[in-house]
Undergrad: 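The structure's right below; bear with me while I get my questions together.
Convention: sequence-line order gives letters A, B, ...; per-chain numbering from 1.
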There are 2 protein chains.
Amino acid sequence: MAKVSKKELIIEHSRKSFSQKGYELTCLESVAKECGITKPAIYYHFKDKATLYKAVVCPEFTALAQKIEESTQTGNALQRLNAYIYTFGNFLISSPDFSAIFAREISNGSANLPDECTEKLSRTIKQLANILQAGVVESLFEEESPFLVQMMIVTPLISCHTAKPLRERIANFAQDDSIPLEPEFENIIESLSKKIIKGLQC
Amino acid sequence: MAKVSKKELIIEHSRKSFSQKGYELTCLESVAKECGITKPAIYYHFKDKATLYKAVVCPEFTALAQKIEESTQTGNALQRLNAYIYTFGNFLISSPDFSAIFAREISNGSANLPDECTEKLSRTIKQLANILQAGVVESLFEEESPFLVQMMIVTPLISCHTAKPLRERIANFAQDDSIPLEPEFENIIESLSKKIIKGLQC
DNA sequence: ATAATTTTACTTACCGTTCAGTAAGGAGAA
DNA sequence: TTCTCCTTACTGAACGGTAAGTAAAATTAT
């Protein structure tokens, strides 16, 4: 059978909507329609909109934190930082709705983000701080604020996804020659990782 | 007298609201109240909400594009890129509502952004592409997509402002020691500029 | 100079729609 | 018969936008 339960179906469709339209503009009646049910059916499974949102985002942040912690245990600081960046980048590839959701929360004052998710984020920041500290001890890195490094990693990668429509509109104003081509996301991860690591090195 | 006209007053208050709450959550009745007038008075001065938004954002993007073009004319590619980053950073300081507005547009598919603004953005991208190209010719920089470099500059700087509430929530989970301090924004511009330029150099 | 008219810059009162959330009931399984 | 999982039908509030009217200032006519 491998049948997806209605509850899972609601989560999947609402994740898509939260990602594309954001929390406020996500209309539960539309989500219900896409699931082939009616709105009160959603309220049978979830207390309210905020609870549904929580059910959507918490697993994502949990998975992210876990993958990052797993992949950045071994190696020297350089290898671990590289792993950190690649793991984050690959997570964005494997969870296509996550970029937009995270981006909105960042530009939002994290207004809708449950505490459980900020706790997961704090774990990844701690891990990054740990890596950077190790790098300083190993005389590989100059000292730098983990928050800034986190921003340098996270926001360009996320924006490469979310800003695609904006880039396309911008490209329309360029005449033929001056248009830079859309880079592949895998290449972006590689480029970004190289540049950040180079920028941090002593 | 130096009296601000009602129209200017509406623009100022709505800019604040668009920045803090975003386009959708900005309620024109609230804006009117803050201006000491009623909602239809806004409609006397502006056709609709979208037109008011346009009146708010266009001058900002215009000023940004102009400042960047002015400040990046002279010097070698290295100095010009440095000027690009500093000018952008300082613009964010001088226009405190701009970060949040821009961040929302990026994570939004630029859904509300008028064409006039994307045209201004395309000018800054062209300027950046020009600088990077000059750097390649001067054998200072490795070749890199202007879009990626733009993202590496713009999004961390913007997020340093918009993600402040999120950072504070994250910091609450850290126990004493592992909390990195909030860096000063001026220092962030300097750090980021150094790292990006270092990362790009041959 | 002044009376008549028009324009500016609003107000009060309202409409229509959207949307989160609820009350109550019903079909099928256990 | 009772519990699960829904449906139909609804409420209430928020909000974008409009219709109609008005007081004061500016403009024009006499």
Side-chain angles (χ1 to χ4, degrees), chain A residues 1-58 97 100-101 104-105 108-114, chain B residues 1-58 97 100-101 104-105 108-114:
Chain A
M1 285 297 239
K3 240 197 71 183
V4 181
S5 76
K6 277 276 154 67
K7 197 170 177 177
E8 275 306 315
L9 195 69
I10 294 168
I11 288 178
E12 277 169 33
H13 279 100
S14 60
R15 180 173 51 227
K16 221 145 236 141
S17 182
F18 284 136
S19 165
Q20 284 166 11
K21 308 192 202 173
Y23 182 82
E24 324 289 347
L25 257 63
T26 286
C27 165
L28 295 190
E29 199 143 11
S30 310
V31 171
K33 203 178 230 173
E34 284 162 25
C35 297
I37 55 176
T38 59
K39 186 174 53 164
I42 295 179
Y43 282 87
Y44 172 76
H45 290 287
F46 302 95
K47 186 178 151 281
D48 53 21
K49 196 180 183 180
T51 306
L52 171 58
Y53 186 69
K54 203 172 166 178
V56 164
V57 295
C58 283
D97 299 318
I101 289 172
R104 285 179 209 278
E105 288 296 346
N108 215 329
S110 69
N112 304 308
L113 203 66
Chain B
M1 284 302 237
K3 240 198 72 185
V4 181
S5 76
K6 277 276 155 66
K7 197 170 178 179
E8 275 305 315
L9 197 70
I10 293 168
I11 289 179
E12 277 168 33
H13 279 100
S14 61
R15 180 172 50 225
K16 220 142 238 145
S17 182
F18 284 136
S19 165
Q20 285 166 12
K21 309 192 201 173
Y23 182 82
E24 324 290 346
L25 257 61
T26 286
C27 165
L28 295 191
E29 200 144 8
S30 311
V31 171
K33 203 180 232 174
E34 284 163 24
C35 296
I37 55 175
T38 59
K39 185 174 52 164
I42 295 179
Y43 283 87
Y44 173 77
H45 290 287
F46 302 95
K47 187 178 152 281
D48 52 22
K49 196 181 184 180
T51 305
L52 171 58
Y53 186 69
K54 205 173 165 179
V56 165
V57 296
C58 283
D97 299 317
I101 290 173
R104 286 179 209 277
E105 289 296 346
N108 213 325
S110 68
N112 305 308
L113 204 66

Undergrad: Hey, does the side chain of A:Tyr44 come within less than 4.0 Å of D:dC6's phosphate (OP1/OP2), counting only N and O?
TA: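 No, outside the criterion.
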Undergrad: When you get a sec, tell me which of D:dG16, C:dT12, D:dA9 is the closest nucleotide to the side chain of B:Lys49?
TA: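 Nearest listed nucleotide: D:dG16.
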Undergrad: Rounded to whole Å, please give me the gap between NZ in B:Lys7 and P in C:dT8.
TA: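 Taking NZ of B:Lys7 and P of C:dT8, I get 12 Å after rounding.
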Undergrad: Using atom types as modelled and distance alone, determine if a side-chain donor or acceptor of A:Tyr23 lies under 3.5 Å from a backbone N or O of A:Glu105.
TA: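 Here the side-chain-to-backbone pair does not exist.
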Undergrad: May I ask you to evaluate whether A:His45 reaches the phosphate of D:dT4, defined as a side-chain N or O under 4.0 Å from OP1 or OP2?
TA: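 The answer is no; no side-chain N or O of A:His45 sits under 4.0 Å from OP1 or OP2.
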Undergrad: Please pick, from D:dT7, D:dT4, C:dC10, the nucleotide with the shortest atom-to-atom distance to any side-chain atom of B:Ile37.
TA: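 Selected nucleotide (nearest to the side chain): C:dC10.
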Undergrad: For a quick test of reading the model: is some side-chain N or O of B:Thr38 closer than 4.0 Å to OP1 or OP2 of C:dT11?
TA: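 Yes, B:Thr38 has a side-chain N/O under 4.0 Å of OP1/OP2 on C:dT11.
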Undergrad: Consider the side chain of B:Tyr43, meaning its heavy atoms from C-beta on, and name the nucleotide among D:dT18, C:dC10, C:dA20 that approaches it most closely.
TA: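 Nearest to the side chain of B:Tyr43 among the choices is D:dT18.
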Undergrad: Nearest-nucleotide wise, let me know which of A:Lys6 and B:Leu28 is further upstream toward the 5' end of DNA chain D.
TA: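 Here A:Lys6 is the residue nearer the 5' end.
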Undergrad: When rounded to the nearest 0.5 angstrom, what is the spacing between OG1 in B:Thr38 and NZ in B:Lys33?
TA: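 So the OG1 of B:Thr38 and the NZ of B:Lys33 are separated by 12.0 Å.
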Undergrad: Rounded to whole Å, how long is the line connecting atom OH of B:Tyr23 with atom C1' of D:dC15?
TA: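 Roughly 12 Å, once rounded to whole Å.
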Undergrad: What about B:Lys39, does its side chain sit under 3.5 Å from the base of D:dG16 through a donor-acceptor pair?
TA: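 Such a pair exists between side chain and base.
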Undergrad: Report the distance from atom CD1 of B:Ile10 to atom SG of B:Cys35, rounding to the nearest 0.5 Å.
TA: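 Between atom CD1 of B:Ile10 and atom SG of B:Cys35 there are 5.5 Å.
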Undergrad: Would you indicate whether the side-chain heavy atoms of A:Arg104 and A:Asn112 approach each other to under 4.5 Å?
TA: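 A:Asn112 does not reach A:Arg104 side chain to side chain.
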Undergrad: Please tell me if the side chains of A:Ser30 and A:Ser17 come closer than 4.5 Å, counting only heavy atoms from C-beta onward.
TA: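 No. Closest side-chain heavy atoms not under 4.5 Å.
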Undergrad: Between P on D:dC5 and CD1 on A:Ile42, what's the gap in Å once rounded to a whole number?
TA: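 It works out to 16 Å between those atoms.
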Undergrad: Does B:Lys7 qualify as a cation-pi partner of B:Phe46, given the criterion of NZ or CZ under 6.0 Å from the six-membered ring centre and within 45 degrees of its axis?
TA: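 Pair B:Lys7/B:Phe46 counts as cation-pi.
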Undergrad: Grab the OH-C1' distance between B:Tyr53 and D:dG16 for me, whole Å please.
TA: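 Spelled out: OH on B:Tyr53 to C1' on D:dG16 is 17 Å.
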Undergrad: How many Å lie between CZ on A:Phe46 and C1' on D:dC5, as a whole number?
TA: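 Rounding to the nearest Å, CZ of A:Phe46 and C1' of D:dC5 are 14 Å apart.
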Undergrad: Between A:Leu25 and A:Lys47, which is nearer to the 5' end of DNA chain C once each is assigned its nearest nucleotide?
TA: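 Checking each residue's closest nucleotide, the 5'-ward one belongs to A:Leu25.
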Undergrad: What's the closest nucleotide to the B:Cys27 side chain, out of C:dT8, D:dC15, C:dT11?
TA: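 Looking only at side-chain atoms, B:Cys27 lies closest to D:dC15.
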Undergrad: DNA chain D: A:Pro40 or B:Pro40, which has the more 5' nearest nucleotide?
TA: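 The residue closer to the strand's 5' end, by nearest nucleotide, is A:Pro40.
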Undergrad: Measure from CD on B:Glu29 to P on C:dA13 and round the result to the nearest Å.
TA: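 Whole-Å distance recorded here is 13 Å.
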Undergrad: Touch check for A:Thr26, heavy atoms < 4.0 angstrom, all strands: base, sugar-phosphate only, or nothing?
TA: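 Since only primed, P, OP1 and OP2 atoms lie under 4.0 Å of A:Thr26, the category is sugar-phosphate.
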Undergrad: Rounding to a whole Å, what distance do you find between B:Ile10:CD1 and C:dC10:C1'?
TA: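 To the nearest whole Å, that distance equals 10 Å.
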Undergrad: When you get a sec, tell me which of C:dA23, D:dG17, C:dT11 is the closest nucleotide to the side chain of B:Ala41?
TA: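 The answer is C:dT11, which lies nearest to the side chain.
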Undergrad: Using whole Å, report how far NZ of B:Lys33 lies from C1' of D:dA14.
TA: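 Distance check: B:Lys33 NZ to D:dA14 C1' gives 13 Å.
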